[in-house]
Amino acid sequence: MEESSSRVDRTGLLALAVDIAREAGALARRRRAEGVAVAATKSTLADVVTEADREVEDLVRARLAAARPGDAILGEEGGATGAPAGDPTGITWVVDPIDGTVNYLYGIPHYAVSIAAVTGEPTAARWQQQVGVVYQPVTDELFHATRGGGAWLGDQRLHVGAPTAAGALVATGFGYDPATHEGDFARLRRVMPLARDIRRAGAASLDLAYVAAGRLDGYFERGLHPWDHAAGGLLVVEAGGRVGGMPDGAPGREMTIAAGPELFERISSAVYQ
Ligand code: IPD
Ligand code: CA
């Protein structure tokens with residue numbers, strides 16, 4: 001039987017996600033210290049996967065399957081695994097084992113494990129994010145949120161920031177496909193007048209977690225997959241911000257915008273000007 005949103009045990013799901021994210025992050029960090037190499041390329045030559053991405057996702061999948069065998073999983077490296085017939089819980093785990101893989105490959109410590117539990121179909125137009133965890137192993141910072149329960153960094157409650165007269169600190173990203181870059185640059189040029197400065201840090205889940213924490217004022221990027229923003233998007237909303245895509249649309253491949261409500265509108269107008 002599918003669980004209705006009100007009956008979801010968010011406390012239990014969060015505790016599990018936190019445990020697994022910490023274990024997965026520790027494994028990623030260990031493997032990084034041992035040395036990392038590209039295992040394969042994906043959509044383009046720049047879009048890489050390492051053995052560690054696969055191993056960390058395998059660990060997350062094994063832990064989830066052992067703890068909650070009736071749940072479905074959507075992971076960046078392993079794709080969609082349905083719940084067993086006859087015993088679905090209605091929960092899908094949306095997992096990015098290492099977000100910021102290129103940083104990871106180059107030894108830049110800005111990468112994270114991102115784990116969300118959603119009800120509904122695991123696509124942003126249809127899901128309800130129930131819990132989200134973004135764990136940055138190198139800083140040992142664990143951002144977490146539950147639906148209706150706020151967004152937190154440890155025991156500190158998070159609130160999105162509001163830009164000052166100096167302008168907004170805005171993060172963005174550029175997809176791996178060179179064919180999309182002209183459009184990315186044109187959008188960036190239109191957003192630039194709102195910005196005091198721009199960041200391109202290389203991990204979408206952390207961009208979103210940092211918006212939730214007020215470390216960034218806003219963020220926009222084309223080309224994200226569900227695992228890039230499932231957990232981070234909940235963090236932003238629970239920190240009082242807005243997350244969306246095309247005007248009045250859900251976040252996704254076409255566009256993801258995250259910011260406090262007022263800046264959200266201004267970024268959206270600039271992106272779609
Ligand atoms: C990528 C990062 C990057 C963003 C890309 C994502 P990955 O995820 O989040 O910041 O610009 O769109 O695909 O490949 O490192 O898991
Ligand atoms: Ca990844």
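Order of listing sets the numbers, starting from 1, for every ligand and every atom in it. Sequential numbering from 1 along the given sequence is applied to the chain's residues. All values derive from a computational prediction rather than experimental measurement. Values below: all heavy atoms of this structure, side chains included; hydrogens, waters and symmetry mates excluded.
Remark: minimum distance from atom 12 (O) of ligand 1 to any protein heavy atom is reached at E221 OE2, 3.0 Å. Distance from atom 14 (O) of ligand 1 to its nearest protein heavy atom, with residue and atom name: Y176 OH, 2.8 Å. Atom 3 (C) of ligand 1 has as its closest protein heavy atom G202 O, 3.6 Å.
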ask   = Checking side chain to side chain donor-acceptor pair (under 3.5 Å) for the pair T101/D53: CA distance, chi angles, key distance, verdict?
value = CA-CA 8 Å; T101 295; D53 292 83; 2.8 Å; yes
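Using a 4.0 Å cut-off between heavy atoms, D47 makes no contact with ligand 1 at all. Residue-level proximity to ligand 1 for E77 is absent, since no heavy atom of it falls below 4.0 angstrom. Here W227 has no heavy atoms under 4.0 Å from ligand 1, in either its backbone or its side chain. With a heavy-atom cut-off of 4.0 Å, D96 touches ligand 1 through its side chain alone. Here T101 has heavy atoms under 4.0 Å from ligand 1 in both its backbone and its side chain.
Within 6.0 Å of CE in M246 there are 12 or fewer heavy atoms belonging to other residues, nucleotides or ligands. No more than 12 heavy atoms of other residues, nucleotides or ligands lie within 6.0 Å of CD in E262, so this atom counts as exposed by the packing criterion.
The N, O or S atom of E76 with the smallest distance to the Ca ion (ligand 2) is OE1. For the Ca ion (ligand 2), the nearest N, O or S atom contributed by D96 is named OD1.
Counting all heavy atoms, side chain and backbone alike, P178 lies closest to T44 at CD-CG2, 4.5 Å.
Y111 contributes no side-chain N or O that, together with a main-chain N or O of A203, makes up a donor-acceptor pair within less than 3.5 Å. Proximity of a side-chain donor or acceptor of T146 to a complementary backbone N or O of V131 within less than 3.5 Å is not detected.
Note: an N/O pair closer than 3.5 Å links A203 and ligand 1 by distance alone. Inclusion of G100 in the set of residues having an N or O under 3.5 Å from an N or O of ligand 1 is warranted.
Defined by atom type and a distance below 3.5 Å, a donor-acceptor pair is present between the side-chain atoms of T89 and D71.
Ligand 1 has no atom lying under 4.0 Å from any heavy atom of H225.
With H229 as the fixed residue, the ring-ring contact (aromatic ring centres under 6.0 Å, His included) test singles out one of W127, F220, Y219: W127.
The Ca ion (ligand 2) lies under 3.0 Å from an N, O or S atom belonging to I98.
Distance check, rounded to the nearest 0.5 Å: CG of L208 to CG of L224 gives 7.5 Å.
The atoms of ligand 1 that sit less than 4.0 Å from any heavy atom of A204 are 2 (C), 9 (O), 10 (O). Below 4.0 Å from some heavy atom of I98 lie the following atoms of ligand 1, by number and element: 16 (O). Close contacts of ligand 1 with E76, meaning ligand atoms under 4.0 Å from a residue heavy atom, involve 14 (O), 16 (O). Numbered from 1 in the order shown, with element, the atoms of ligand 1 that lie under 4.0 Å from a heavy atom of L224 read 12 (O).
Ion pairing between a basic and an acidic side chain is recognised when a charged N comes within 4.0 Å of a carboxylate O; R54 and E57 show no such pairing. The pair R157-E238 does not meet the salt-bridge criterion, since no charged nitrogen lies less than 4.0 angstrom from a carboxylate oxygen. Under the 4.0 Å criterion applied to side-chain N and carboxylate O atoms, E55 and R30 are not assigned as salt-bridge partners.
When the heavy-atom distances from atom 8 (O) of ligand 1 to D99, T172, D53 are ranked, the shortest goes to D99.
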